[in-house]
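Written below as structure tokens is the structure these notes are about.
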Amino acid sequence: MSGTNAASGAAPCRFAHYFVICGIDTETGLEPDELAALYQWLEADRQGRDPDTAAAGENFEQSPLKRTFKSKVLAHYPENVEWNPFDQDAVNMLCMPKGLSFRTQADSREPQFHSFLITREDGSRTYGFVHTFYEEVTSPQICSAMQTLYQMHQAENPSSATPSSSSSSSSSMDSLASSLDEADSPSSSSCRSAACGGYDASRDTLYVSKALCLITPMPFMHACRRFLSQVHRAVAAAAPPPLPLESYVHNILYEVPLPPPGRSLKFHGVYEPIVCQRPGPGELPLADFPLGQTFTLLGVENLVQLFNCTLLEMQILLYSQDYQRLMTVAEGITTLLFPFQWQHVYVPILPASLLHFLDAPVPYLMGLQSKEGTDRSKLELPQEANLCFVDIDNHCIELPEDFPQFPNKPELIQELSEVLLRYGISPVGGAPPTSVPTSTTTPGSVSTRHPGLKSQQALRELEDDGRNGNLGGEQLAVLDLLQGNATLERLQALAKRTGVRVEALRGVGGEGEAQGGRTAVEEEELRNAKLNVQLREVFASRFTTMFADYEAFVIQSAPDLESWLTNREQMHNFDKASFLSDQPEPYLPFLSHFIETQMFATFIDNKIMSQWEEKEPLLRVFDGRINKARLYNVRAPSLRSSNYQRCTILKESAQAIEQRLLKIDHTAIHPHLLDMKIGQGKYEQGFFPKLQSDVLSVGPTNNKWSNRTATAQRRKDRHRQQTEHLTLDNDLKEKYMQEARSLGKNLRQPKLSDLSPAVIAQTNWKFVEGLLKECRMKTKRMLVEKMGREAVELGHGEANITGLEENTLIASLCDLLERIWSHGLQVKQGKSALWSHLLHYQAREEKLEQQCVCCFLPPTVSNGPERRKSESSIGMPSLRASVIQDMRHIQSMGAIKTDVGRARAWIRLSLEKKLLSQHLKQLLSRQALTKKLYKRYAFLRCEEEKEQFLFHLLSLNTVDYFCFTSVFTTIMIPYRAVIIPIKKLSNAMTTSNPWVCVSGELGDSGVRQITKNVLEMTFDSAFRPHTHIDAMFKCQNLGKLTTVQLGHDNSGLLAKWLVDCVMVRNEITGHTYKFPCGRWLGKGVDDGSLERVLIGELALPNADEDCGRGCRTPDMQHSPGQTRRSSITSMGGRGYKPTSAQIQEAIGEAVNIICKHFHKPEKERGSLTILLCGEVGLVGALEQFFHNGFKSARLFQKTVFVWDFVEKAVAYMESADQMGDMQETAEPLGLTCVSLCHYVSAINSSPRNIGKDGKFQLLVCLGARDRLLIQWLPLLVECPVIQRMYEESALLRDRTTVNALIAVLQTLHDFPITLEASLVKGIDL
């Protein structure tokens, strides 16, 4: 007991926690691997076979030298560490992921090294470093059992005199269950078949794998590798080691401390000293895995893309024959994320028994071991829509579709390439680095794709020039001598000033040593450490630049930690919209996605919690760097620009590491003889001895650092006890944090110890719950964002958040739906599980439809309910809400080439049509199809969760999305235009030739002639007849529709035409726009217009909603039938007349809305035409102003319009000018007068047949555009014509009111008003 306490007391500060030996247990003999049986069970279940029969019995088809046998933890020291409890199953599985491996003397038996990690439930990590070698089997029982198994194999397979090198399993995943690492020896099978033909106990020597493992709290990969390698050398050497092996194991477990931050430590292995160093508090955290190798394996461009996918939390699957490569790439890529941390499933080496985790519908980063010769195309993965597949051995990656690129990607690649070239590494990838020892990689697995000879020579020269990181030969020659010697430093400075060179000192070191007196291995480690830190600094510098001001946007809303944790889910912690508005335009696509990730949310959570707790280490370092950057440039404008800023501290970061490794700060106690019984610690060459456990389970109690650690620990315990009652209970805090952060956090590391089918089912249930929670959060976020903007909307019914933000949220929803549809698939078909399901549904429905046609039966295919007809769509044939029809629309779009793209387009279309929930419900209503495609545990077969999921999606129908129309801007879309005359048959008839031109935010349709007298009659719900003209046309996507130009040529006897409104419908999305008119088109009637520009708004989808908009005149009494802005003038004295105050308020509101429009980001702005000419637009408000007090009585049955006043005023000015009355006028006023006359003349002489109200509208729009309105108003007020046409009380004759109006209109001069082409067509100014 005392030994355990001694071991655990100093554990947090110990270099290593456990020393483990795994291998064959000679007492239990050969046991088939249970994990392999479980794998067979899972594989059979995946393929739809009976899992119980598949996993039963022995597999004699496979040679016993290739089969999987159970390995065991033979010993581990100490027995347990309180801080890091020993997980025997997990360690055994990860030390020997493929179980025991057997060899004969004819096979290659090179030792192998790999590493692993175990993530505990609290997110902390423990690292394992494993040295696997082959030891001769001396047990006669094991040899005899192997002989028997081989004979049984031959009896089962008489044709295989030579063992087959292929497995009988048809699955492409069978490599995971193979007990033989064929990658270790590519020629092994041919050697065995040729030389020995299998295993014969009388002739062959049998060897079995054994693993030595160190488990450490920090990833000192190089130090652990060297220590284990030296221990194995001691076992294999002819002479025994200087001390018993127990001395070295005891030393590293109990007498070697962790290096303090910012210091280096030297400890002693069996033969040579080993040095390791730890970064200081302000430096990047420890990362010892060689990043240079990661870049060499993948190339810079591929690695930057992989880094991008990791930041965006996609599913990432690494694929390689070599376990150490999987670990190196996984650790390398997560290291580059600083200051962020991967928050989801992280399994760099995925054992065969955890294969079901590839079905996880959450982001993950996993490593899968491949079998030599396995074809990637045969590797069936459950879901690929959001998968980044990294084939490490073939130096290539497969990327998901359609994701934003990392900002300044070309410049980042350029800077990284320069760093790599300084160390002699090709940035292209696929070529081995010129000086990485070949023992780090599996023989034969390095690609043969070499660059040209010329580039190789250049690389060698570059490496020779800068082998030790940018130090020239002269400095290197004296560097070691100068360390800590002030006299020599002064001499060196003097020599430099006088120009004397000190090249002669180059020969100080021995011939066999590298520069500086270090061995070649130490030189290599120093080089790797410097390269690591410089590459990481380049990435860290990017984040420091991009998030330099992130603190300004953190929302600190809770008074204390407890209330913050309790309400975490309801709180907004980061002002995303303001943050994005402050960023350079090119960064926005990436940043808008990234700030939605879990890793960014956790980063902000840590920032908020740092008010009440100690800062998380990564956050502390990052904040320190930002503060330092601020000292040098106080919010420099360059931080807002998208110009690339190179890292400026590469040299300093490399020098810090070099100085630590050259000048050792601490040296651990040397290994020494232990108090062992005589006769123990016996040495036998080639065999790892059984260590004496009693001396290894007890740590020393008298060395100074363990006492110091114990004292520090006691101090920490006292502090914790004092503050425990002041802070939130830890269990409660953990509970809140687990709930506050998403599913990935709970499933960050699968349990390796219990892998029964029941546990797997429980894991899948967690996935189902997590998917439902994620759906609830995503739909809620989409609604809050959308409705939050609508609340402050401009009042013209066009509510949307930024296109960028909306697009990010919808893309995130598409990813979620793909993950839901990928969960629990029976058989994988195509890259998109959702589109595959839709295709199955389509094939089934079309088959039923054909059967009905053949049998002359009415079709029973349910395409969903028919949309109800609202009064606003009278005359429009109804659009059926059909899953199949929407699929056909997508399939006809030639621009989309992939299944993933089609699925996303279908989701966007359904969302825009407010049919997503309904369509998916229809799709899932075919239960027989769902059962055929999905396993029982799949999300889509959990009835209650499925219903809740569809309900959450239904809530999205409360807001309007244009996510299909705004994304697919180049496709051809059929439009239907319906012209509805006023409901009197006489007025509905016309003999003229009508035409329309529809305009939208993306363009216009051009003039479309309508066939003469294509008059149709429909009946509404009360069987009242309605006549209308219907026209179909197809053109490129117009986007949201804004205006319709409607006109005719005034030909025939019945040329005059009273039009109620025009309805235009997008036949793909179903969006219907209503363009109210309520005016005559014809000469000699109304204002004499043959052409009108009508302003449109999106029509409500059904009559119920339409009724809910407010009280309306009964149908039979009102005319025209649609809400519209009629000309006040043409209405004469009838109807509602606004007061002076209401008119002034309306003008102020119209101008205010236009100002708000321009203060929005450009991509968020809606249609300016609606703000100018719509129902509450500027033109309508000014028309009311001009009409106030206007003498518009019908003199001689002729209506007088405001335009008549403008024309008379202009005529007066022109005549006065000719008579010379205006020559005395001030020059600016004269010019203004000329401009007004010029504009009115241009409008009157336009070839367009617009009426008087249309001309006034055009004058106001042009005046607003060219900033002339406020100059024209005084002219009109001063003109004597005003006295004849306006009453004394008119607003236009009140100087104070006019001056106030001018002041209000003055504010529009700050904005660049651009008019739609449909408004100014034919006007030449």
Side-chain angles (χ1 to χ4, degrees), residues 23-24 26 29-30 32-33 59-69 71 96-114 131-168 174-175 177-211 232-233 235-238 321-323 369 371-374 438-439 441-446 684-688:
I24 189 165
T26 51
L30 287 180
D33 193 355
N59 176 13
F60 292 118
E61 292 180 5
Q62 207 172 25
S63 165
L65 287 169
K66 293 185 182 180
R67 289 196 17 223
T68 304
F69 295 97
S71 64
M96 306 190 94
K98 294 170 295 189
L100 295 172
S101 181
F102 284 92
R103 297 279 195 272
T104 66
Q105 78 284 353
D107 299 314
S108 166
R109 299 189 305 281
E110 283 295 315
Q112 297 291 315
F113 173 83
H114 78 270
H131 184 94
T132 307
F133 62 99
Y134 286 88
E135 192 174 76
E136 186 181 336
V137 178
T138 54
S139 163
Q141 293 91 342
I142 301 290
C143 294
S144 172
M146 183 58 73
Q147 177 78 59
T148 306
L149 287 170
Y150 191 73
Q151 288 167 351
M152 292 169 80
H153 163 67
Q154 283 188 307
E156 286 280 327
N157 300 276
S159 60
S160 64
T162 17
S164 164
S165 63
S166 65
S167 164
S168 60
D174 62 355
S175 59
S178 167
S179 65
L180 173 65
D181 185 4
E182 298 194 8
D184 291 346
S185 172
S187 59
S188 60
S189 58
S190 60
C191 166
R192 187 179 298 123
S193 57
C196 43
Y199 175 65
D200 184 341
S202 63
R203 184 185 67 204
D204 296 324
T205 306
L206 189 64
Y207 295 87
V208 67
S209 55
K210 180 172 272 190
H232 177 236
R233 266 170 60 198
V235 171
Q321 294 178 37
D322 186 344
Y323 288 128
Q369 199 245 357
K371 185 178 179 181
E372 189 187 22
T374 304
T438 52
S439 61
T441 55
T442 309
S445 64
V446 175
E684 188 179 349
Q685 184 183 359
F687 294 93
F688 195 86

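Along the sequence shown, residues are numbered consecutively beginning with 1. Only a predicted model underlies this, so the values are computations on that prediction, with no experimental measurement involved.
Residues Phe687 and Lys210 are not in side-chain contact: their nearest non-hydrogen atoms beyond the backbone lie 4.5 Å or more apart. Phe69 has its side chain within reach of Leu149: a pair of non-hydrogen atoms, C-beta onward, lies under 4.5 Å apart.
Take Thr205 and apply the side-chain hydrogen bond (donor to acceptor under 3.5 Å, both in side chains) test, not counting sequence neighbours, and it matches no residue. Every residue two or more places apart in sequence or in another chain that forms a side chain to side chain contact (heavy atoms under 4.5 Å, CB included) with Thr148 is listed here: Ser144, Met152. Phe133 meets the ring-ring contact (aromatic ring centres under 6.0 Å, His included) test with His232; sequence neighbours excluded. Annotation: side-chain hydrogen bond (donor to acceptor under 3.5 Å, both in side chains) contacts of Glu136 (sequence neighbours excluded): none. Remark: Gln147 engages no residue in a side-chain hydrogen bond (donor to acceptor under 3.5 Å, both in side chains) (not counting sequence neighbours).
Here the closest non-hydrogen pair linking Arg203 and Gln105 is O-NE2, 4.3 Å. The two atoms that bring Ser108 and Arg103 nearest to each other are O-NE, 3.3 Å, heavy atoms only. Across every non-hydrogen atom of Thr132 and Ser209, the tightest pair is CG2-CB, 4.0 Å. Nearest heavy-atom pair, Phe102 versus Val137, reported as atom, atom and distance to 0.1 Å: CE2-CG2, 4.3 Å. Shown here for Tyr134 and Glu110, the closest heavy-atom pair between the two residues is CE1-O, 4.4 Å.
Annotation: cation-pi pair Arg109/Tyr207 present, NZ/CZ under 6.0 Å from the ring centroid and within 45° of its normal.
For the residue pair Gln141/Ser139, the side-chain donor-acceptor check at 3.5 Å is satisfied.
Put simply, CG on Leu206 and CD1 on Ile142 are 9.0 Å apart, with the number rounded to the nearest 0.5 Å. Taken to the nearest 0.5 Å, the NE2 atom of His131 stands 12.0 Å off from the NE2 atom of His114.
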